[in-house]
Amino acid sequence: MTRLALPSTLDLAAATALLDTLRGVSGDIVLDAGGVERIGVAGIQLLLSAQATADGAGHALAIEAPSEAFCTAIRISGADALLADR
């Protein structure tokens with residue numbers, strides 16, 4: 001299992017960097033979203049894509065300790081599947 005902390009701002013630049021990191025990971029992934037203060041559309045799209053990719057490969061992608069800002073942005077965007085266990 002791979003654990004990664006999401007950056008405080010998950011914008012296009014951060015999403016691009018995270019994509020590069022995720023491409024090198026195999027197996028289950030836990031993303032710590034506790035420090036996220038802002039998340040943009042690119043970040044949300046990346047997380048949804050990563051979740052679908054993990055599901056398709058038979059692996060899990062879990063969001064751990066999401067901040068209030070993270071949860072609010074996810075709910076507003078309609079990407080509630082990322083918070084399925086919350």
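Note: hydrogens, waters and symmetry copies are ignored here, and every other heavy atom, side chains too, is used. Remember, predicted model here, so these are calculated numbers, not experimental data.
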Could you tell me which non-hydrogen atom of [X] sits nearest to which non-hydrogen atom of [Y], and how far apart they are?
X	Y	answer
Leu82	Ile63	O-CG1, 3.6 Å
Ser67	Gly34	CB-O, 3.5 Å
Val36	Ala69	O-CB, 3.8 Å

Atom [atom1] in [X], atom [atom2] in [Y]: separation rounded to 0.5 Å?
X	Y	atom1	atom2	value
Leu31	Leu6	CG	CG	5.0 Å
Ser49	Leu22	OG	CG	9.0 Å
Ile76	Cys71	CD1	SG	11.0 Å
Leu47	Leu10	CG	CG	5.5 Å
Gln45	Ile39	CD	CD1	10.5 Å

Quiz item: If you group Ile, Leu, Val, Met, Phe, Trp and Tyr by side-chain heavy-atom gaps below 4.5 Å, do Leu48 and Leu83 land in one group?
Solution: yes

Practice problem: May I ask whether Leu61 and Leu19 are part of the same hydrophobic cluster, defined by side-chain heavy atoms of I, L, V, M, F, W, Y residues being less than 4.5 angstrom apart, directly or through others? | Solution: yes

Quiz prompt | Residue list, salt bridge (Lys or Arg N to Asp or Glu O under 4.0 Å) with Arg38, at least two apart or on another chain | solution = none

Exercise. Starting from Met1, walk the hydrophobic network (Ile, Leu, Val, Met, Phe, Trp, Tyr; side-chain heavy atoms closer than 4.5 Å) and list everyone else you reach, by chain and number.
Key: Val30

Quiz item: Sub-3.5 Å donor-acceptor pair from the side chain of Asp28 to the main-chain atoms of Ala60, do we have one?
Solution: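 Side chain of Asp28 to backbone of Ala60: a pair is present.
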
Quiz item: Under 3.5 Å, side chain of Asp11 to main-chain N/O of Ala14, donor-acceptor pair present?
Solution: yes

Quiz item: With sequence neighbours excluded, what pairs up with Val25 under the side-chain contact (heavy atoms from CB on, under 4.5 Å) test?
Solution: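 side-chain contact (heavy atoms from CB on, under 4.5 Å) list for Val25, sorted by chain: Thr2, Ile29.
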
